[in-house]
Amino acid sequence: MNLDYTDEQKAFRDEVRAFLDEKLPARLVEKGRAGRAFDKADHEEWHAILNERGWLAGNWPVEFGGTGWDAIQRHIFEDEMTRAGAPRIVPFGLAMLGPVLQKFGSKEQQDYWLPRILAGDDWWCQGYSEPGAGSDLASLRTEAVREGDHYVVNGQKTWTTLGQYANMIFCLVRTSREGKPQEGISFLLIDMDTPGVEVRPIVLLDGSAEVNEVWFSDVRVPVENLVGEENKGWTYAKYLLTHERTNIAGVGFANAGLANLKRIARAEQDGGRPLIRNPHFAARLARVEIDLMAMATTNLRVVSAAAAGQAPGAESSMLKIKGTVLRQEINALTRTAIGPYAMPFQSEAVEGTNEEAIGPDYAGPVTAQYLNNRKLSIYGGSNEVQRAIIAKSLLEL
Amino acid sequence: MNLDYTDEQKAFRDEVRAFLDEKLPARLVEKGRAGRAFDKADHEEWHAILNERGWLAGNWPVEFGGTGWDAIQRHIFEDEMTRAGAPRIVPFGLAMLGPVLQKFGSKEQQDYWLPRILAGDDWWCQGYSEPGAGSDLASLRTEAVREGDHYVVNGQKTWTTLGQYANMIFCLVRTSREGKPQEGISFLLIDMDTPGVEVRPIVLLDGSAEVNEVWFSDVRVPVENLVGEENKGWTYAKYLLTHERTNIAGVGFANAGLANLKRIARAEQDGGRPLIRNPHFAARLARVEIDLMAMATTNLRVVSAAAAGQAPGAESSMLKIKGTVLRQEINALTRTAIGPYAMPFQSEAVEGTNEEAIGPDYAGPVTAQYLNNRKLSIYGGSNEVQRAIIAKSLLEL
Amino acid sequence: MNFDLSDESRMLQDGLRRLLSDRYDRATRDAARDAPTGFVPEVWAALAEMGVIGALFPEDAGGFGGTGFDIAVVFEELGRAGAVDPLIDTGVLGGGLLAAFGQGDMLEGVIEGSVQLAFAHGEPGSRYDLSRVETTARRDGDGWVLSGRKAVVVNAPAADHVIVSARTSGEVADRDGISLFLVPAGALDIRAYPLVGGGAAAEIALDDLRAGELLGPEGGAFDAIATASARATLAICAEALGLMETIRGLTTDYLRTRKQFGQPIGKFQVLQHRMADVLIEIEQARSAVINLAGNIDGDDRDRHVSAAKNLIGNAARLVVEESIQMHGGIGMTEEYDLAHLAKRLTMVDHRFGDTLHHLDRFIALSAA
Amino acid sequence: MNFDLSDESRMLQDGLRRLLSDRYDRATRDAARDAPTGFVPEVWAALAEMGVIGALFPEDAGGFGGTGFDIAVVFEELGRAGAVDPLIDTGVLGGGLLAAFGQGDMLEGVIEGSVQLAFAHGEPGSRYDLSRVETTARRDGDGWVLSGRKAVVVNAPAADHVIVSARTSGEVADRDGISLFLVPAGALDIRAYPLVGGGAAAEIALDDLRAGELLGPEGGAFDAIATASARATLAICAEALGLMETIRGLTTDYLRTRKQFGQPIGKFQVLQHRMADVLIEIEQARSAVINLAGNIDGDDRDRHVSAAKNLIGNAARLVVEESIQMHGGIGMTEEYDLAHLAKRLTMVDHRFGDTLHHLDRFIALSAA
């Protein structure tokens, strides 16, 4: 066993670090640190910089314009990105649709869509969830009826993240009602400028509007936008859901959150001493840090196994649960740390305006982040679903 | 609202306190405080003292020789008993069988068995659980076949507490295999001196031998020992299980355990100060105490409602869960408090011998109690069963 | 021993519950949220008319209640309705301090509903310490000059008068040497803002302010502040209990009606057991409120204050997090009622001391 | 970065697992429990012969291992088997101290399996503080006189030699001034007793004992004690991990085979989810052991010691309590294997510092 990176891996890390030092705009780092939402232009700027360097598609093979990195390189890259405070790479085209097209798409689809993803020509969003479906994804009802060279789509998707910026959406739609609910689902690419597509924002409890409802009324979609075979969409969606996700634990986010929390806890005063010296606060902080030290290694074990070609099983689910629980605890502790300044509704934190913060600068986004990150244990396969996966793999019942 | 006892209730409390001051043998208090098991003679001695005062059967009506107390009086009595460190009243005859006979027994059975319970002529034990049945009580298999004036009983009971002292056992036995599992069960009184009854001790992980297996091989039981009707035993057993139990929360035990824990934590040294000044230890102690303060009031609310004639519903289950969780946490903290002296296997604590303790006197019984009290959340309707009861009552699904 | 409400309390409870159910609909609450004051004057007038404000004060202060159980009944109902009105600030804190120092005339206005108050005590660095006051007041001729900063002063944007604490002697964390000043709101430099979960507050800059008169004895206000804060803690604990009850109702309904995988999700054993644990903690919270209400005028008051606030802070986090989780995505939308209730319940931990503060204080008081 | 065992480690692991599976049956373990020494000499001899003791030491000390991962591999296997043999005491602690101070001859005996050791360091009031030594040693002519009490000295009943710590200078909790003495066991006044979860220990009374020779530098033993204790903590953490794995296997089997209400209880969603949480913590424990093993010779050793011991203490409690609860009554019977494993795992928190001790220490080390 050896917990250190190899010399090549270290060299790669240094290369990534140097790139980020030079190319990551300070303005974006500042914005992220202040907890402000990145707008469309921010994302596009960073996307273009990464694409220029050829480091945009960390999980794509070289033949499609990806980096061809192994799991450890991807981990190093993601780790350094988070450390540097870079905006995340918007995942819908790169991490989600790309692998599906590479595996199941036609040559024409690959040739047309993949370069556009890299070039930033399309902003993709995801149309999976529906109102009333939740974790029971297979019960979806949005319908696509074949009429000549088109599918006519009717229905509603929800929880579509950043759908307000998107011009394209990949959707699961029902093309047949026969057989089990999982059968009869197809995977369709829909141009959001088609007549009949309507996007409505969903305001979340923190005041943010990052998710949307997408409505389809007699939306005509060319049949060449069907990915793979009709009625096999469930297979493709599952491939995507179980596709190796190195960053499921969110170790980088947790590390950044913990560092921010410590900075705040050193600045906040409690009874004449820094809050970080309050033993009860320190105990909760230490428990998080200890757990995070172990989770980082659990994560590396999974990454390392993936790099050696092993398929991750229930470990992904374990990392999802532990990672989200830890990040939520960090959010809760940060809220505790700022004391009464958790109470002001700091609109700038969620709306990107430019008012001066109420209380200390660092307090601005804290409550909104706590509230917003309740989503971590709900989306991406709720923690209940993940526990069921673990139990199934363990008990084989 | 008024959180204080009425003047009459206070007077009753003082009367109980005076009685305990005078009549409770110091030897028994000592033994209890040292965590040693009471033997048969100890229990019989205390039983006789209580019976002489007429305070043995707190939950029996006056017509059967009970006290006729209301729920608050019973609570006060139990509270004072625990505070004083008195041995618990062995419940099998008084708290369990008595109420069943009073409600469902024949006049002959009442006239014969109830006075014998008060006089201590019989030591009863309970034959409900069977190997492999657990919380699924209705699946029991011990069989009673009618042959003339007798039932012939074959099968096995388990977890029979203090069965080694008993001469009588009340049993649930299967008299029919028709209908649902709950149907076809009868309630039978069995003399343990009958040929074919065998008692084998079960050694528990703390080394104690307080529970037993009871085996029945062609045991002949006179039909007059059937309580109520044949095949209706499930109804009687359920009556017993849901029969108002004022002490289900174990507030008195928790209070006594907490006081003992504080005494130990003041005596133990940690880094040059008493352990109770260690902030992390103090935090866990405070959380227990705060929870216990609230639970005591939750308990009194239930007692008070019972005294006003309301039937306790899911509240009993809530008290069972919270009470056992708190007592187990107190046990765990006490184990933590004694540090390395939790490690010696202190046989005297569980076997009643007279060796000098290893380490401080108070350390003797601590680990055994921690281990033994894992039972609290398993028996008397496991905490899983209690949660199901609460959910059922709340969700009505 | 008796855990039933008195007839008067029961009447107040029934009346208030009816009033809020009739008048406090979603539109009213949204209007309160969007108002710069953080509340709707018509609702306030109705509360005053019904005697809800008077119920917080004893007869000798012009009210007709004032016991711990009166406070508990009123605020549990406000909590149930998710109401955002500043009754803690104008009533329990402001009114309580006026009553302590015999300001009968202004208190009459409070009880009638015509006067709004705020208590400017917390400061940017004081966190939850009641005795940590850096703002100073010095005599200048007949009057006083106030200097310092006051933080998150709830209801300041709506207040007619603000009661400002300032140090007239002693060191920064001393109990002795703290004085109160009654300052007309118009004289103050405030930066107003809305609060998460409803209501409004302000930062107040006191730059050699020459306004306001001394309220109560010079340097001897600490005990009154502690008493008012203890009663306000009871109020917010009771409000939290009411919020938990409504959230429990919403969540239970959701578990019963929402179907997934072909059955109501309340059939899933995991959700049943977790809901049972939530219920147990709500009952513990109820008992903690009762304990505090019954001890609010007793010798052991502060220990019960800390026990209740700690327990309720922990229970609130469990209730909020579990209810959102059990709802899934819908529980995170602003449109659904849970969002408001959950936010308001979350903020309870940030007033009058959080779970950590009261854990520490409980330990200190238990050791004494 | 590489999380695979080396070929040598894999061979050791396989061999040891086979040995324990062949030789360490229930009867052997019961015999060990009932022996006054707390172990079975034949098993010890087999361990030595296989090279398990030598694997704990580097080549320059006569062994052929000695890295953190060597220790982890050995003790994880012992834990899996529920073995009670005093390898921590004779090997990691005693042998480690001999190696630190160049006692090659006696160490050779240890590695061969012919010498048993105990380390008498803890005292009735020292709890888990490594520097708190009240026992004193004073020079008397050519020798030393030891006075004091040593508490819960594991393996003292079987030891040939006991390494006793005593203060030769400094105040009670100073790191400087602690010396070690190698004392023939026959010279000691011991009260022996069995331990919960297996093994044997003793209280040792040192009443002006004139026996034993100085081991290492006078007054300068602390660093060696800290190193030996860190390695022993790694050993017990790895043992705990092995115990958890076996308990997980027992519990999983039980959930799959035990039927209630007509189906395997593992079909109950509540038990599935709770078992998933148990599993997650076992994987966290595994990572904590790896982190500690990889840092056992590094600068950040002590922080990893405290992180691992705290995490494993918490995980152990969860694993023990959940596994017993999921088993129900059967899980509490001495006859069933879980009883031994659960007790042994429970006792892990009482050696080399419990969760509270290491939480405190982690906080202190993180602040430094």
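The sequence lines fix the lettering, A, B, ..., with proteins before strands; numbering per chain opens at 1.
The distance from the OG atom of C/Ser287 to the CE atom of B/Met295 is 10.0 Å, given to the nearest 0.5 Å. Going from atom OG1 of C/Thr251 over to atom CG of B/Leu395 covers 10.5 Å, rounded to the nearest 0.5 Å.
For residues 234-248 of chain C, the interface with chain B (any heavy-atom pair closer than 4.5 Å) comprises C/Arg248, sorted by residue number.
Considering only heavy-atom pairs separated by less than 4.5 Å from chain B, the leading option among C/Gln272, C/Gln269, C/His273 is C/His273. Between chain C and the residues B/Thr298, B/Ile390, B/Ile290, the largest count of heavy-atom pairs under 4.5 Å involves B/Ile290. Among C/Asn310, C/Thr67, C/Asp4, the residue making the largest number of heavy-atom pairs under 4.5 Å with chain B is C/Asn310. Each of B/Asp291, B/Asp4, B/Thr6 has some count of heavy-atom pairs under 4.5 Å with chain C, and the biggest count is that of B/Asp291. Ranked by heavy-atom pairs shorter than 4.5 Å toward chain B, the options C/Leu255, C/Thr355, C/Ile290 are led by C/Ile290. Chain C forms more heavy-atom pairs under 4.5 Å with one residue of B/Ile389, B/Leu300, B/Leu285, B/Ile72 than with any other, namely B/Leu300.
Residues C/Phe69 and B/Leu3 meet the side-chain proximity criterion, which asks for heavy atoms closer than 4.5 Å. For the pair B/Met318/C/Leu279, a side-chain contact is recorded, criterion being any heavy-atom separation below 4.5 Å from C-beta on.
Within a 6.0 Å sphere centred on NZ of B/Lys10, other residues, nucleotides and ligands contribute more than 12 heavy atoms. For C/Asp299, the CG atom is loosely surrounded, since the number of other residues' heavy atoms within 6.0 Å does not exceed 12. No more than 12 heavy-atom neighbours from other residues, nucleotides or ligands sit within 6.0 angstrom of CZ on C/Arg18.
Neither the backbone nor the side chain of C/Asp360 comes within contact range of chain B; no heavy atom of the residue lies under 4.5 Å from a heavy atom of that chain. Residue C/Glu281 touches chain B through its side chain alone, counting heavy-atom pairs closer than 4.5 Å. Neither the backbone nor the side chain of B/Glu315 comes within contact range of chain C; no heavy atom of the residue lies under 4.5 Å from a heavy atom of that chain. Proximity to chain C involves both the backbone and the side chain of B/Leu394, based on heavy atoms less than 4.5 angstrom apart.
With hydrogens and angles ignored, the 3.5 Å screen pairs a side-chain donor or acceptor of C/Asn291 with a backbone N or O of B/Met293. Between the side chain of B/Arg387 and the main chain of C/Ala276, no donor-acceptor pair closer than 3.5 Å is present.
For the residue pair B/Ala286 and C/Leu359, the shortest heavy atom distance occurs at CB-CD1, 3.8 Å. Smallest separation of non-hydrogen atoms from C/Ala288 and B/Ala294: N-CB, 4.3 Å.
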Requested in this report: Just do the side-chain contact (heavy atoms from CB on, under 4.5 Å) check on C/Arg286 and B/Arg301 with the steps written out, would you?
Outcome: CA-CA 10 Å; C/Arg286 187 186 313 286; B/Arg301 284 161 48 209; 3.1 Å; yes
Requested in this report: Start with the C-alpha gap between B/Met1 and C/Asn2, add the side-chain angles, then the distance that decides, and say whether side-chain contact (heavy atoms from CB on, under 4.5 Å) holds.
Outcome: CA-CA 5 Å; B/Met1 289 217 196; C/Asn2 180 359; over 6 Å; no
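Under a 4.0 Å N-O distance rule, the pair C/Glu283/B/Lys322 does not qualify as a salt bridge.
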